[in-house]
Amino acid sequence: MKNILITGGAGFIGSHLARLFVNKYEDYHIVNLDKLTYAGNLENLTDIENKSNYTFVKGDICDGPFLKSLFEQYDFDGVMHCAAESHVDRSIKDPLAFIQTNIVGTANLLHTAKNHWEGNFDGKRFYHISTDEVYGSLEMGGGFFLEDTPYDPRSPYSASKASSDHLVRAFYHTYHFPVVISNCSNNYGENQFPEKLIPLFINNIRHNRPLPVYGKGINVRDWLYVQDHCTAIDVIFHKGRLGETYNIGGHNEWQNIDLIHLLIKQMDQKLGRAEGTSKELITYVTDRAGHDLRYAIDATKLKDELGWVPSLQFEEGLSKTIDWYLANQTWLDNVTSGNYQKYYDLQYADR
Ligand code: NAD
Ligand code: DAU
């Protein structure tokens with residue numbers, strides 16, 4: 001039995017990743033370490049919470065002594081590091097929280113794992129999950145991000161993620177610490193906190209609330225279904241070459257306003273509204289400060305080296321995602337009201 005640590009496993013991507021690994025690898029014991037910030041929600045994991053190869057631990061990656069004792073307790077064989085502050089708008093309002101968790105927390109985790117594994121890195125692996133935002137902003141029609149595109153982060157969020165990527169690589173080069181990194185484009189899917197574009201707009205359309213489009217809505221993002229991101233992480237965790245970086249993306253660029261029109265079309269249909277009814281909710285608002293114009297990933301290396309390609313077409317994935325949110329209004333109500341904390345208190349506090 002291998003002990004694998006997933007950090008941030010109660011969040012959006014981490015919960016899908018934990019589910020994939022718990023169900024697919026019965027010979028792995030998955031330990032999910034999460035601080036349960038506003039973005040961490042154990043209701044995302046009810047279907048696996050009682051599995052014998054799964055353990056949840058509440059804790060903070062910034063707490064060095066706690067991490068040391070966790071490594072002593074479980075003697076981890078591998079780490080998949082998802083824990084982070086992840087929302088760009090929050091990083092503009094409160095950059096220090098991002099520097100703390102994303103930089104100091106990652107440094108703590110690297111330091112603890114290195115000390116624990118010291119002298120015997122054989123078979124060990126530290127996988128750092130990162131973002132395409134570290135590469136900066138592309139011009140319209142101006143090429144793609146490659147693994148060797150120079151870093152040019154422009155928000156406190158992307159700068160903190162870029163710093164953490166640099167630390168991970170520094171540990172590889174300095175200590176031969178066994179790392180692998182991936183940088184992924186925008187994820188969408190079930191269980192994403194409704195501060196991000198797609199779940200926020202799904203919730204607002206449903207309740208006839210305004211849809212705040214930043215600037216002119218011309219910015220471009222490259223969208224990937226979250227479970228496709230997780231299958232890429234699975235392949236890279238097992239087969240990626242140490243010290244390497246792999247870009248992950250869906251080759252699926254959408255200008256925000258076009259995506260919003262597609263969302264409105266699908267939702268009006270599902271809600272039994274006349275086509276285009278919800279367009280009147282579109283409200284152009286002040287642009288995000290330093291708003292990156294375009295992200296677009298070239299994932300050829302991952303395809304050629306490890307054979308990964310995304311499985312889902314965007315229209316289908318978006319429809320599936322909308323259906324999930326429409327069927328899970330209680331989940332949305334709980335996360336927007338902060339009620340999800342009660343789930344931990346009820347189910348875990350006395351464990
Ligand atoms: P999320 O905000 O949904 O989840 C983050 C999780 O980390 C939460 O469960 C939170 O409780 C936990 N956490 C935060 N601070 C912590 C701390 N100090 N100690 C322990 N746990 C802590 O984020 P997400 O969207 O799932 O992103 C996960 C990772 O993937 C992040 O590193 C992010 O940068 C990266 N990423 C996200 C996307 C995307 O589109 N969402 C794309 C590419 C990369
Ligand atoms: O590219 C990967 C990144 O994608 C991840 O690293 C981040 O963790 C993740 O949050 C996401 O960042 P974005 O800033 O691209 O995602 P967000 O959903 O916040 O915004 C998507 C686009 O929609 C962006 O151009 C801003 C715009 N937007 C967003 C919100 C929340 C709006 O126009 N209105 C909104 O209310």
Side-chain angles (χ1 to χ4, degrees), residues 6-18 32-42 44-45 57-63 66-67 80-92 97-98 100-102 104-106 108-109 128-135 137 145 153 155 157-158 160-161 164-165 182-189 191-201 204 210-224 226 229-230 233 247-249 254-257 259-260 282-288 291-297 335 340:
I6 296 184
T7 69
F12 168 48
I13 296 167
S15 61
H16 286 276
L17 187 62
N32 172 10
L33 162 64
D34 198 295
K35 185 180 173 182
L36 298 183
T37 67
Y38 78 94
N41 181 1
L42 290 172
N44 297 347
L45 294 155
V57 179
K58 186 176 179 185
D60 188 340
I61 56 166
C62 298
D63 182 345
F66 159 74
L67 281 185
M80 289 186 281
H81 177 33
C82 293
E85 288 293 339
S86 68
H87 191 42
V88 174
D89 293 328
R90 283 181 192 257
S91 83
I92 295 167
F98 285 69
Q100 186 62 20
T101 288
N102 299 358
V104 177
T106 301
N108 254 325
L109 201 56
H128 180 59
I129 282 101
S130 194
T131 170
D132 61 357
E133 299 201 12
V134 298
Y135 298 123
S137 180
F145 294 137
S155 73
Y157 164 68
S158 53
S160 69
K161 289 296 291 186
S164 64
D165 292 9
S182 60
N183 295 84
C184 188
S185 63
N186 284 62
N187 284 214
Y188 71 96
N191 300 108
Q192 187 171 33
F193 192 86
E195 61 188 351
K196 310 279 165 64
L197 180 75
I198 289 180
L200 175 72
F201 278 35
N204 286 9
L211 305 175
V213 179
Y214 296 165
K216 295 185 175 137
I218 58 168
N219 304 66
V220 173
R221 297 292 183 265
D222 174 358
W223 295 93
L224 180 69
V226 62
H229 186 188
C230 292
I233 293 175
N247 280 351
I248 310 172
W254 286 80
Q255 210 159 39
N256 290 341
I257 196 65
L259 188 161
I260 291 160
I282 291 176
T283 311
Y284 289 93
V285 299
T286 309
D287 208 354
R288 172 185 279 173
H291 198 170
D292 289 337
L293 181 62
R294 173 174 167 253
Y295 304 145
I297 279 278
V335 297
Y340 58 91

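Both ligands and their constituent atoms are indexed starting at 1 by order of listing. Computation of the quantities below employed the complete heavy-atom set of this structure, encompassing side-chain atoms and omitting hydrogens, waters and symmetry-equivalent molecules.
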Worksheet item: Atoms of ligand 1 less than 4.0 Å from L36 heavy atoms?
Response: 11 (O)

Worksheet item: Nearest protein heavy-atom contact for atom 25 (O) of ligand 1: which residue, which atom, what distance?
Response: F12 CD2, 3.8 Å

Item to complete: Mind checking whether T101 contacts ligand 1 via backbone (N, CA, C, O), side chain (CB onward), both or neither, at a 4.0 Å heavy-atom cut-off?
Response: side chain

Discussion item. Polar contacts were defined as any N/O atom of the residue lying under 3.5 Å from an N/O atom of the ligand; does this apply to S185 and ligand 2?
Written reply: no

Worksheet entry | Per-atom contacts of ligand 1 with I129, taking only distances under 4.0 Å to non-hydrogen atoms | 30 (O), 32 (O)

Discussion item. Considering non-hydrogen atoms of the protein only, which is the closest contact for atom 3 (C) of ligand 2, and what is the distance?
Written reply: E133 OE2, 2.9 Å

Worksheet item: For atom 30 (C) of ligand 2, which candidate among Y214, W223, Y135 holds the nearest heavy atom?
Response: Y214

Practice prompt. Have a look at H87, R288, K196 and point out the one with the heavy atom closest to atom 14 (O) of ligand 2.
Written response: R288

Practice prompt. Can you figure out which of V88, V134, L197, N186 has its heavy atom closest to atom 16 (O) of ligand 2?
Written response: N186

Discussion item. So is G105 touching ligand 1 or not, going by heavy atoms under 4.0 Å?
Written reply: no

Fill in: atom 40 (O) of ligand 1 [closest protein heavy-atom partner, distance rounded to 0.1 Å]
N187 N, 2.9 Å

Item to complete: Could you list the atoms of ligand 1 found under 4.0 angstrom from a heavy atom of G40?
Response: 8 (C), 9 (O), 11 (O)

Discussion item. Any heavy-atom pair between the side chains of S158 and T131 that's under 4.5 Å?
Written reply: no

Discussion item. Any heavy atom of G59 closer to ligand 1 than 4.0 angstrom?
Written reply: yes

Worksheet item: Hey, which atoms in ligand 2 end up nearer than 4.0 Å to a heavy atom of Y157?
Response: 5 (C), 6 (O), 7 (C), 8 (O)

Worksheet item: Under 4.0 Å from any heavy atom of V213, which atoms of ligand 2 are there?
Response: 33 (O)

Practice prompt. Mind running side-chain contact (heavy atoms from CB on, under 4.5 Å) on N41 and N191 for me, showing each step along the way?
Written response: CA-CA 9 Å; N41 181 1; N191 300 108; over 6 Å; no

Item to complete: Determine whether N183 and S130 make a side-chain contact, defined as any pair of heavy atoms from C-beta on separated by less than 4.5 Å.
Response: yes

Worksheet item: For residues S164 and H128, is any side-chain donor paired with an opposing acceptor at under 3.5 Å?
Response: yes

Worksheet item: Looking at atom 24 (C) of ligand 2, what's its closest protein heavy atom, distance included?
Response: H291 NE2, 3.4 Å

Worksheet item: For ligand 2, which atoms, with element, lie under 4.0 Å from some heavy atom of P212?
Response: 32 (C), 33 (O), 34 (N), 35 (C), 36 (O)

Worksheet item: What heavy-atom pair brings Y135 and N247 nearest, and what distance separates the two atoms?
Response: OH-OD1, 2.8 Å

Worksheet, complete the sentence: Filtering L224, T106, I13, T7 for the heavy atom nearest atom 36 (N) of ligand 1 leaves I13

Discussion item. Side chains of Y188 and R221: any donor to acceptor distance under 3.5 Å?
Written reply: no

Worksheet entry | 4.5 Å side-chain heavy-atom contact, F145 and D222 | no

Worksheet item: Any side-chain heavy atom of L42 within less than 4.5 Å of one from D34?
Response: no

Worksheet entry | Those atoms of ligand 1 less than 4.0 Å from some heavy atom in N186 | 40 (O)

Item to complete: Examine the proximity of ligand 2 to S158 and report which part, side chain or backbone, both or neither, has a heavy atom under 4.0 Å away.
Response: neither

Worksheet entry | Where ligand 1 meets D60 - atom numbers and elements under 4.0 angstrom, heavy-atom basis | 17 (C), 18 (N), 19 (N)

Item to complete: Might you point out which heavy atoms bring F98 and S160 nearest each other, and give the distance in Å?
Response: O-CB, 3.7 Å

Worksheet entry | Atoms in ligand 2 with a heavy atom of D132 nearer than 4.0 Å | 1 (O), 2 (C)

Discussion item. Go through it in stages, so that I can follow the logic: the residues are W223 and L197, the test is side-chain contact (heavy atoms from CB on, under 4.5 Å), and I'd like the CA-CA distance, side-chain angles, deciding distance and then a yes or no.
Written reply: CA-CA 11 Å; W223 295 93; L197 180 75; 4.0 Å; yes

Worksheet entry | Heteroatom proximity flag, N41 to ligand 1, N/O under 3.5 Å | no

Response to the item:
Counting heavy atoms under 4.0 Å, the part of L200 that contacts ligand 2 is side chain

Practice prompt. Taking atom types as modelled, find out whether Y295 and E133 have a side-chain donor-acceptor pair closer than 3.5 angstrom.
Written response: yes

Response to the item:
With heavy atoms and a 4.0 Å threshold, my read on which part of E195 contacts ligand 2 is backbone

Fill in: Check: I61 N/O within less than 3.5 Å of ligand 1 N/O
yes

Worksheet entry | Atoms in ligand 1 with a heavy atom of T37 nearer than 4.0 Å | 10 (C), 11 (O), 14 (C), 15 (N)

Practice prompt. Just let me know how D132 lines up against ligand 1, side chain, backbone, both or neither, with a heavy-atom cut-off below 4.0 Å.
Written response: neither

Discussion item. Regarding ligand 1, does K35 bring an N or O atom to under 3.5 Å of one of the ligand's N or O atoms?
Written reply: yes

Worksheet item: Nearest non-hydrogen atom to atom 8 (O) of ligand 2 belongs to which of G11, S86, G249, C184?
Response: S86

Item to complete: Please write down residue, atom name and distance for the protein heavy atom closest to atom 23 (O) of ligand 2.
Response: N256 ND2, 3.4 Å

Worksheet, complete the sentence: For V134 and D165 the tightest heavy-atom approach is CG1-OD2, 3.7 Å

Worksheet item: Can a non-hydrogen atom of S130 be found less than 4.0 Å from any atom of ligand 1?
Response: yes

Worksheet item: What do we get for Y157 next to ligand 1 when only non-hydrogen atoms under 4.0 Å count, side chain, backbone, both or neither?
Response: side chain

Worksheet item: Short list, please: which atoms of ligand 2 are under 4.0 Å from a heavy atom of N219?
Response: 25 (O)

Worksheet item: When only distance counts, is G11 in polar contact with ligand 1, meaning an N/O pair under 3.5 Å?
Response: yes

Worksheet item: Are any of the N/O atoms in C82 less than 3.5 Å from those in ligand 1?
Response: yes

Worksheet, complete the sentence: protein heavy-atom neighbour closest to atom 1 (P) of ligand 1 works out as S86 OG, 3.5 Å

Item to complete: Evaluate the side-chain proximity of Y38 to E195: yes if any heavy-atom separation is below 4.5 Å, no if none is.
Response: yes

Practice prompt. Select one of side chain, backbone, both or neither to describe which atoms of H81 lie under 4.0 Å from any atom of ligand 1, heavy atoms only.
Written response: neither

Worksheet item: Below 3.5 angstrom, do we get any N/O pair linking C184 and ligand 1?
Response: no

Worksheet item: Below 4.0 Å from any atom of ligand 1, is there a heavy atom belonging to D34?
Response: yes

Worksheet entry | Subset of ligand 1 atoms that lie under 4.0 Å from at least one heavy atom of S185 | 42 (C), 43 (C)

Practice prompt. Would you indicate whether the side-chain heavy atoms of P212 and N204 approach each other to under 4.5 Å?
Written response: yes

